[in-house]
Amino acid sequence: MKMEGSAVNWSRSSGAVPGKLGLRVALAIEEDLMRQGWRHERLVGSQASIQQRFGIGRWAFREAAKLLEMRGSARLKRGPGGGLHALAPDIETFARQVSSYLYFTLGGDDQLIHAALKALRAITRQDPAERSIIQFLMELLQCVLANVTAQHTVEENTRDIKAHATAASGSLNKLSYAQQLVRRIIADLVDIEDGALQSIGPEWEIAERYGYSLEVVRQASRILEGMELVEVRVGRHGGIFARRPRLVLSRAQLISYLEKSGVEQRQLIGAVASLRHKLRNEATSRQNPLLASLLNALEDAPPKPFPEISLDLIQEVADAHC
């Protein structure tokens with residue numbers, strides 16, 4: 001199938017492409033947006049046209065739209081003139097992804113952010129590409145710091161409310177329980193082989209194992225899906241399948257954002273390698289898992305977009321999120 005104004009080759013065959021159909025459609029749409037410059041508010045298509053284009057039903061479309069909205073790539077508008085509209089990547093897009101990783105995987109330690117900023121400020125004699133990457137990282141870390149500070153404020157307010165209220169809000173409890181469950185599941189994922197996808201059981205089994213309701217398990221699984229740590233599969237052999245925690249920035253979003261900032265992909269790998277070398281000499285950067293994860297995420301940037309989106313390219317993109 002072809003997307004409007006593009007040359008996208010598509011097959012809904014799942015034999016060669018891992019993950020749910022909605023995820024594969026979402027990744028293909030992101031790749032197309034990247035190749036076309038990711039114009040803000042560009043109409044990707046109506047629900048009917050996207051379903052026809054990819055040969056999918058309404059449930060797969062809704063899943064793809066939900067994933068795109070969660071990743072900050074597009075939003076679904078209702079009513080006249082509605083449809084799926086692209087959202088150009090901005091620094092907040094990446095800050096949300098990094099904040100989730102920091103909060104759930106690294107315990108929300110803002111000292112890691114301060115140490116990373118200190119190390120980046122100490123680097124001198126950068127070439128233009130390095131300066132652009134450093135500027136991107138520093139702006140990103142400042143946004144993450146603001147997010148973490150806000151999260152800590154919410155937690156403090158939540159504790160205060162629970163301490164003085166005779167009955168806390170149900171939605172407040174559910175959010176808190178879902179976050180607790182996310183942390184517990186992530187703590188159990190460290191033993192998973194890097195890159196492997198492993199079943200952690202169906203929802204009912206996870207609910208029994210951790211002592212939470214099915215509703216809390218579903219909320220936690222959506223948070224984990226947004227962090228690209230799990231896949232939720234339905235059917236006879238369905239359940240929640242998890243991978244080892246790592247920071248993943250949406251590759252298509254990242255490439256589009258950096259190219260608009262003047263960083264070409266051929267410059268990116270060299271600039272990151274140079275930064276790694278210089279940061280080894282900075283005491284504040286040593287043993288900083290946040291800074292190391294950010295550099296790894298930058299190195300995961302894909303090669304220059306191909307003129308065609310084939311199943312091989314979709315396979316490559318899906319593998320990069322494992």
Side-chain angles (χ1 to χ4, degrees), residues 19-20 22-23 26 63 66-72 92-110 112-113 143-159 161-162 168-234 238-250 289-290 293-294 297 321-322:
K20 291 188 290 186
L23 172 63
E63 183 69 21
K66 182 185 74 174
L67 287 168
L68 289 167
E69 288 182 336
M70 188 181 296
R71 293 158 69 90
E92 284 292 343
T93 302
F94 307 110
R96 286 192 296 272
Q97 297 165 2
V98 177
S99 297
S100 293
Y101 176 79
L102 177 71
Y103 182 75
F104 289 112
T105 307
L106 301 179
D109 186 359
D110 57 4
L112 292 175
I113 306 175
C143 286
V144 173
L145 183 59
N147 290 348
V148 171
T149 301
Q151 178 64 42
H152 288 168
T153 301
V154 169
E155 289 179 339
E156 289 296 328
N157 292 340
T158 298
R159 282 193 287 270
I161 290 171
K162 289 184 176 179
S169 161
S171 61
L172 189 62
N173 276 329
K174 290 171 186 174
L175 176 60
S176 175
Y177 292 151
Q179 289 179 332
Q180 292 172 22
L181 180 55
V182 165
R183 285 191 171 183
R184 292 183 63 183
I185 291 175
I186 287 177
D188 292 338
L189 298 184
V190 294
D191 294 330
I192 294 179
E193 183 181 349
D194 195 20
L197 195 62
Q198 177 177 308
S199 171
I200 60 174
E203 291 177 343
W204 66 266
E205 184 180 299
I206 294 171
E208 288 187 357
R209 185 189 316 154
Y210 291 98
Y212 290 95
S213 69
L214 276 173
E215 184 176 355
V216 169
V217 171
R218 292 186 183 114
Q219 290 179 3
S221 69
R222 290 193 177 185
I223 295 173
L224 290 164
E225 275 189 300
M227 298 172 69
E228 301 188 22
L229 292 179
V230 305
E231 289 180 13
V232 181
R233 300 177 181 176
V234 298
I240 298 178
F241 293 77
R243 53 179 61 86
R244 190 173 181 177
R246 60 178 296 221
L247 173 62
V248 177
L249 299 179
S250 172
L290 176 60
S293 296
L294 283 169
H321 289 75
C322 295

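Counting from 1, the numbers follow the sequence of the chain as shown.
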A.B. asks: Could you pull out the closest heavy-atom pair between Ala95 and Cys143, with the gap in Å?
C.D. replies: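 Shortest heavy-atom separation between Ala95 and Cys143 comes out as CB-CB, 3.6 Å.
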A.B. asks: Do Arg184 and Tyr212 have side chains that approach each other closer than 4.5 Å (heavy atoms only, starting at C-beta)?
C.D. replies: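 Contact flag for Arg184/Tyr212 side chains = yes.
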A.B. asks: Roughly how far apart are Leu294 CG and Tyr101 OH, rounded to 0.5 Å?
C.D. replies: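 One finds 9.0 Å between CG of Leu294 and OH of Tyr101.
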A.B. asks: If you measure from CD1 on Ile206 to CG on Asp188, what distance do you get to the nearest 0.5 Å?
C.D. replies: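 That separation rounds to 10.5 Å.
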A.B. asks: Give me the atom names and distance for the closest heavy-atom approach of Arg96 to Gly72.
C.D. replies: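 The pair with the smallest heavy-atom distance is NH2-CA, 4.0 Å.
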A.B. asks: Salt bridge or not between Lys66 and Glu69? Use side-chain N to carboxylate O under 4.0 Å.
C.D. replies: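 Between Glu69 and Lys66 there is no salt bridge, as every charged N stays at least 4.0 Å from the carboxylate O atoms.
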A.B. asks: Less than 4.5 Å apart, any side-chain heavy atom of Leu249 and any of Val98?
C.D. replies: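 Yes, close enough: below the 4.5 Å cut-off.
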A.B. asks: If you measure from OG on Ser213 to CZ on Arg218, what distance do you get to the nearest 0.5 Å?
C.D. replies: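 The OG atom of Ser213 sits 8.5 Å away from the CZ atom of Arg218.
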A.B. asks: Test Ile186 against every option in Leu181, Leu224, Val230 by the side-chain contact (heavy atoms from CB on, under 4.5 Å) rule and name the one that passes.
C.D. replies: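 Going through Leu181, Leu224, Val230 one by one, the side-chain contact (heavy atoms from CB on, under 4.5 Å) with Ile186 is satisfied by Leu224 alone.
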A.B. asks: Knowing that exactly one of Leu229, Ile240, Ile200 qualifies, which makes a side-chain contact (heavy atoms from CB on, under 4.5 Å) with Ser221?
C.D. replies: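 Running side-chain contact (heavy atoms from CB on, under 4.5 Å) over Leu229, Ile240, Ile200 with Ser221 returns exactly one hit, Ile240.
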A.B. asks: Which of these passes side-chain contact (heavy atoms from CB on, under 4.5 Å) with Leu102: Leu290, Asp110, Leu247, Asn147?
C.D. replies: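 Single side-chain contact (heavy atoms from CB on, under 4.5 Å) partner of Leu102 among Leu290, Asp110, Leu247, Asn147: Leu290.
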A.B. asks: Less than 4.5 Å apart, any side-chain heavy atom of Ile185 and any of Tyr210?
C.D. replies: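 Side-chain contact under 4.5 Å: yes.
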A.B. asks: For the residue pair Gln97 and Ser250, what are the closest heavy atoms and their distance?
C.D. replies: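 Answer, listing the atom of Gln97 first, then Ser250: OE1-N, 3.5 Å.
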